[in-house]
Amino acid sequence: MFSSHKTMTATGEPGNREDSSTGAPATNTNTPTTIVTPPSPNPVPSDLPMPNSNGSGNHKSTIVIESQPKRRVSIISDPPAIGGSGPGSGYDNPAYEQNPRRKISQTSTHSHSDIGPARRKSILKDSAPPHDYDSDRASTHSYENYRQNALDVLNAKYNGHQMGHTSLGDSNGGANYVEESWMYTFCLKCRGEEPSSSWEPPFWQKIFPYPLCPTFRTVSRLISIILIGVLIWVTAFVIIGDSAAPGGQLFGLVVLTVAANFGGYLISLTTLPRLIGMLMVGILFQNVGWANLDGDFSKVTAHLRKFALTIILTRAGLEMEPEAFKKVYKTILKLGIIPWCVEAAVMAVMSHFLLDLPWIWAFLLGSIIAAVSPAVVVPCLFRLRTKGYGVAKGIPTLVVAVAGVDDALSVAIFGIISTVMFSDKGLAYQIAQAPVCIIGGLGFGVIWGSLARIFPEKGDAFVVPLRTLLLFTGGLMAIYGSEELGFEGAGPLAVVFSAFVSNLFWCKDGWNVEDNPVSTAFEVFWMIFEPILFGLTGATIKIRELDSHTVSIGAACIFTGSILRILTTAGIAFGDRLNTKEKFFVGLSWMAKATVQAALGPVALKHLDENSTDDERNWANIVQTICVFSIVLTAPLGAILISVTGTKLLTKTKQPQDLSGWRRSHRPSIRDISIIDEEEEREDPEIPEDKETHDNTLNNAHIPTISYTYNT
């Protein structure tokens with residue numbers, strides 16, 4: 001689609017070109033390009049003088065084309081299809097597409113011997129006419145149709161009101177008053193992108209204009225969920241009784257979950273992690289008196305935490321890319337283990353001397369706090385990856401892989417320490433904890449992951465649900481079984497490693513690690529358990545009982561450990577092809593705490609019984625309080641630092657990024673309003689200059705630049 005004063009440059013590229021008027025290919029050699037212009041109803045006489053013509057090779061001419069049809073050009077590059085040049089090949093001119101010898105730029109990923117860049121078939125070529133039934137014309141809507149009904153009515157009313165108070169010239173400025181208002185912009189950002197057109201009653205837009213009001217699809221989905229929830233509640237009330245009635249503990253848990261989900265949605269509008277809103281709702285319910293989850297119902301919440309922990313660890317294993325792990329496993333293990341040990345040790349030493357925790361309780365706290373939260377890190381990395389930051393060196397993949405190793409290490413060490421703390425068995429049993437947990441967990445992971453490849457058969461029509469349930473039930477068996485056997489640290493390792501081994505075999509069978517259907521299934525599980533986990537964690541905090549000394553000293557310990565971890569990461573990341581800025585960014589991205597702290601923070605308190613001393617209860621309360629405040633302090637701060645510093649510390653590449661399936665399990669959405677500053681694209685300065693591309697540029701330097709100005 002041509003616009004005013006649009007300049008077109010001919011560079012004399014080798015290859016074939018297509019005559020835009022006849023569709024026939026025009027032969028082109030290494031001589032300056034001759035551009036064939038479509039015939040115009042009012043051609044320019046050949047004897048008219050050309051502007052700026054001074055006899056040199058460089059001149060500029062103006063051609064007025066009055067009736068030239070507007071054309072929309074696609075510039076998206078796709079790999080050429082294999083299998084001929086027929087209508088299904090997807091190209092306007094198959095002869096032109098076969099250009100195997102030219103490299104486009106320094107950042108081109110194809111080799112000189114491969115098939116050259118391809119053009120996607122124009123969306124206006126051979127396009128089928130739209131479906132045009134009378135019953136659908138009024139009910140199938142698009143964004144443009146929205147702007148032509150109710151919003152036009154609102155604008156007309158506003159303009160009519162303005163006409164009575166201002167002159168005609170002033171009233172024209174309010175023609176799009178509704179669309180230019182802050183409310184319209186805010187509502188438009190809150191709307192999710194619908195995958196297809198939806199049906200709605202003809203009167204809907206007259207009453208509920210888009211985007212000021214939700215679409216009929218959104219309302220109908222909400223009504224369906226409410227009806228399902230009401231029916232489930234009625235059934236549960238008939239079966240369970242008073243606990244499911246209003247005022248009962250089960251009913252309170254359901255209300256807390258729904259409210260936490262809504263609070264997470266509100267927080268997500270600010271680009272902060274949803275879990276912050278869920279945690280705040282839990283704290284609010286506890287301190288207002290709306291949550292009563294103590295007593296016998298605490299057993300139910302303990303099992304829900306274990307279910308959530310199984311989902312967290314399984315997703316951590318599925319997010320590790322097997323190919324990347326095999327190539328840079330030394331870097332992943334180095335950056336995952338050494339900084340973790342430093343932060344855990346700093347937290348243990350400071351809490352021992354400043355909070356008077358015994359050494360074993362201090363290291364228990366350190367093993368929890370040192371964990372990284374993928375739920376915070378991955379959405380922020382997705383927004384950076386859409387802009388091309390850090391992609392050339394695979395920094396998003398590195399950060400996600402290390403976060404998975406980090407979580408597995410935290411949960412395993414926590415299980416070993418807690419088993420030693422709350423076990424009354426002998427010294428030999430305690431010494432055997434570490435080797436048995438490591439060997440047993442890894443062995444179970446290999447066996448169960450191998451079984452998940454064989455059963456079910458990969459061509460089975462129900463392969464996705466069967467693999468999902470097999471992986472989930474195996475993880476639950478590992479968590480509960482290791483606890484029953486007295487080796488609690490083996491279960492978490494088994495869950496992570498079984499998911500990783502399964503993903504390794506599934507990728508060999510043709511699945512894509514970034515668009516794994518089993519990962520999508522676990523996303524559904526996490527959408528259910530995320531508000532439950534963080535709502536319950538927030539409900540454990542009673543503000544009236546908090547000790548200001550514990551909170552302040554705990555915050556100092558958290559930030560000190562995070563800072564030393566960042567410095568350690570930057571110091572040991574030598575030989576990893578990362579510059580100084582990228583090393584500090586990687587360290588900053590691992591300071592956010594959330595999922596593991598929410599799952600393990602209250603566990604120590606649940607292990608205590610009536611025979612426990614008051615000191616033990618006090619220590620357990622300190623561990624729980626610091627874990628919750630680590631989420632409140634570091635999750636929003638980590639998300640902001642990743643988004644803001646990513647544009648300053650990472651290199652932005654020009655290569656377009658295919659994000660169709662990247663980290664789909666973390667629901668990238670249009671609601672993730674970017675807070676990244678736009679900068680001009682620059683090529684990666686660390687990519688060496690390509691000699692062949694440089695020679696092509698020098699060979700084409702003598703070709704004159706021919707520019708045409710189209711007046712529309």
Test log, rule side chain to side chain contact (heavy atoms under 4.5 Å, CB included), inputs Met347 and Ile626: CA-CA 11 Å; Met347 191 71 198; Ile626 294 179; 3.8 Å; yes
Verdict with reasoning, Thr215 to Thr218, per side chain to side chain donor-acceptor pair (under 3.5 Å): CA-CA 5 Å; Thr215 62; Thr218 303; 3.0 Å; yes
Worked check of side chain to side chain contact (heavy atoms under 4.5 Å, CB included) between Val254 and Ile232: CA-CA 11 Å; Val254 173; Ile232 293 177; over 6 Å; no
Residue pair Arg315, Ser519: steps toward the side chain to side chain contact (heavy atoms under 4.5 Å, CB included) verdict: CA-CA 7 Å; Arg315 297 184 73 195; Ser519 298; over 6 Å; no
Audit row: Leu536, Thr540, side chain to side chain contact (heavy atoms under 4.5 Å, CB included) steps and yes/no: CA-CA 7 Å; Leu536 290 175; Thr540 60; 5.9 Å; no
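From Ile360, atom CD1 reaches atom CG of Leu357 across 12.0 Å, with rounding to the nearest 0.5 Å. Atom CG of Leu600 sits about 8.5 Å away from atom OG of Ser418, to the nearest 0.5 Å. Note that CG of Leu309 and CG of Leu313 are 4.5 Å apart. Values are rounded to the nearest 0.5 Å. Gln433 contributes atom CD, which lies 11.0 Å from atom CD1 of Ile417 (distance to the nearest 0.5 angstrom). To the nearest 0.5 Å, the span separating CG on Asn618 from OG on Ser612 amounts to 13.0 Å. Atom CD1 in Ile413 sits 6.5 Å away from atom CD1 in Ile438 (nearest 0.5 Å).
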Show which side-chain atoms of residues 628-638 pair as donor or acceptor with protein atoms under 3.5 Å away, not counting sequence neighbours.
| from | atom 1 | to | atom 2 | distance (Å) |
| --- | --- | --- | --- | --- |
| Ser630 | OG | Cys627 | O | 2.5 |
| Thr634 | OG1 | Lys593 | N | 3.0 |
| Thr634 | OG1 | Ser630 | O | 2.4 |

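For the pair Pro358/His352, no side-chain contact is recorded, criterion being any heavy-atom separation below 4.5 Å from C-beta on. In this structure, the side chains of Leu304 and Phe529 come closer than 4.5 Å at one or more pairs of heavy atoms. Between Phe414 and Val603, some side-chain heavy-atom pair lies under the 4.5 Å cut-off. In this structure the side chain of Trp448 reaches within 4.5 angstrom of the side chain of Met477, judged on heavy atoms. The side-chain heavy atoms of Thr301 and Ser298, taken from C-beta on, include a pair separated by under 4.5 Å.
In terms of heavy-atom proximity, Leu256 sits nearest to Leu293 at CD2-CD1, 4.1 Å. Closest non-hydrogen pair, Tyr265 versus Arg274, comes out as CA-NH1, 4.0 Å. Residue Ala604 comes nearest to Phe422 through the heavy atom pair O-CZ, 4.0 Å, listed as atom of the first residue, atom of the second, then distance. Nearest heavy atoms, Thr473 versus Leu470: OG1-O, 3.2 Å. Here the closest heavy-atom approach between residue Leu608 and residue Arg617 is recorded as CD1-CA, 3.7 Å. Taking each heavy atom of Gln286 and Gly538 in turn, the nearest pair found is CB-O, 4.4 Å.
Salt-bridge formation is detected for the pair Glu483/Lys306: a Lys NZ or Arg NE/NH1/NH2 atom is positioned less than 4.0 Å from an Asp or Glu carboxylate oxygen. With salt bridges taken as basic N to acidic carboxylate O contacts below 4.0 Å, one links Arg565 and Asp406.
For the residue pair Ser410/Trp340, the side-chain donor-acceptor check at 3.5 Å is satisfied.
Put simply, the residue from Val378, Ile312, Thr595, Val596 that forms a side chain to side chain contact (heavy atoms under 4.5 Å, CB included) with Ser373 is Thr595.
Judged by distance alone, the side chain of Thr550 and the main-chain N or O of Leu546 form no donor-acceptor pair under 3.5 Å.
In summary, the aromatic rings of Phe307 and Phe525 are positioned with their centroids too far apart to meet the 6.0 Å limit.
Environment of CH2 in Trp359: crowded, with over 12 heavy atoms of neighbouring residues, nucleotides or ligands closer than 6.0 Å. Crowding of Asp242 atom CG: a count of heavy atoms from other residues, nucleotides or ligands under 6.0 Å not exceeding 12. Shown here is Asp296, whose CG atom has no more than 12 heavy atoms of other residues, nucleotides or ligands within 6.0 Å.
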